[in-house]
Amino acid sequence: MTISLTDTQTQAQPTWCPGCGDFRILLGIKKALVAMGKPLHASCIISGIGCSGKLNHYVNTYGFESLHGRTQPVMTGVHLANHKLNVVAVGGDGDGYGIGLGHLMHTMRRNMNMMYIVHDNQIYGLTTGQYSPTTRQGTKTASSPFGSLETPVNPVKLALASDGISFIARGFAGDVDHLYKLIQAGMEHEGFALIDVLQPCTTFNKINTYDFYKERVYKLEEDASFDKTNKDLAMKRSEEWGERIPIGIFYQANLPLYEASLPAIQDKALVEHDINNINITGLYKEFI
Ligand code: SF4
């Protein structure tokens, strides 16, 4: 089926600040959906709370705006109800690596066939610029006027340490062509895919700007010495941050899917089961 970028639009207009990296992640997701060529009703985008939380209002797929830090349980529920859907969750670094981190760890190790895109701008943008889990140490923000004291979360390293997850990547919102191909690869991958996206917040983060990243990012796939199937190599590259920052697929493997162990959904999706003729008398008796 052929779909176009125009088909992916809704009537809602983005309310993000001018130049925000969210616009480019939105475009990356739309381009990936077009490149995949699946009908738009075959995808569902789940969002959390934060500036990125509105993203699913702007894409003409199914959507669900969930609670802060709760995209993972919601996407798991959607996927188990209909594992034939292309289920994608989006959230910010506060949503995913702060309040939602407990859920994320367990979703990663289950390796269900879904994708999570994190808009990682190293700040809480919606609440006007407090330091977040990925803010670099020493950064002055509204809540750390003398500089953040905490060691930041390293999302790629954290995911690599979580046995079970089979696709871990990092993108940059300033390179949409590269980003959409990563997103498409994550959508087409059989298993859980995490894509951490370096996303400038033009209003509250004056350090991690487009220029900051443009001077530093390099693509792992252009480095002949890198092998995305080698977890040890990926772990080493995940520690690289400074003059050079790697983007691309850090790790990809063919690992068992959680849903492959669920007998009830082997023949058809849960939503396709006939629930009108189920006899639950025996079950009743067990509990009465
Ligand atoms: Fe984007 Fe930052 Fe504005 Fe939020 S506050 S919309 S992240 S630029």
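No hydrogens, no waters, no symmetry mates; every other heavy atom, side chains included, goes into these values. Whatever order the structure lists ligands and atoms in, that order sets their numbers, starting from 1. Quick note: residue numbers are just sequence positions, from 1.
Applying the 4.0 Å criterion to heavy atoms of N121 picks out, from ligand 1, the atoms 7 (S). Near Q199, meaning under 4.0 Å from any of its heavy atoms, are these atoms of ligand 1: 7 (S).
Contacts classified as side chain to side chain donor-acceptor pair (under 3.5 Å) and involving residues 256-269 (residues at least two apart or in different chains) are given here: H79-E259.
Listed by chain and number, C17 SG are the protein N/O/S atoms closer than 2.8 Å to atom 3 (Fe) of ligand 1, with waters left out.
In this structure, the side chain to side chain contact (heavy atoms under 4.5 Å, CB included) partners of E188, at least two apart in sequence or on a different chain, are M36, Q184.
H83 and N113 are not linked by any side-chain donor-acceptor pair at a separation below 3.5 angstrom, with hydrogens and angles left out of the test.
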When the side chains of residues 101-110 are checked against the rest of the protein, which donor-acceptor pairs come out under 3.5 Å, sequence neighbours left out?
from : atom 1 : to   : atom 2 : distance (Å)
H103 : NE2    : R70  : NH1    : 3.4
H106 : ND1    : R109 : NE     : 3.0
H106 : ND1    : R109 : NH2    : 3.0
T107 : OG1    : H103 : O      : 2.8

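The aromatic rings of H68 and Y124 sit perpendicular to each other, their planes meeting at more than 60°, with 30° as the lower class boundary. Using cut-offs of 30° and 60° on the angle between ring planes, the pair W241 and F212 is tilted. Using cut-offs of 30° and 60° on the angle between ring planes, the pair F250 and F226 is perpendicular.
Within the 4.0 Å heavy-atom criterion, neither part of N205 lies near ligand 1.
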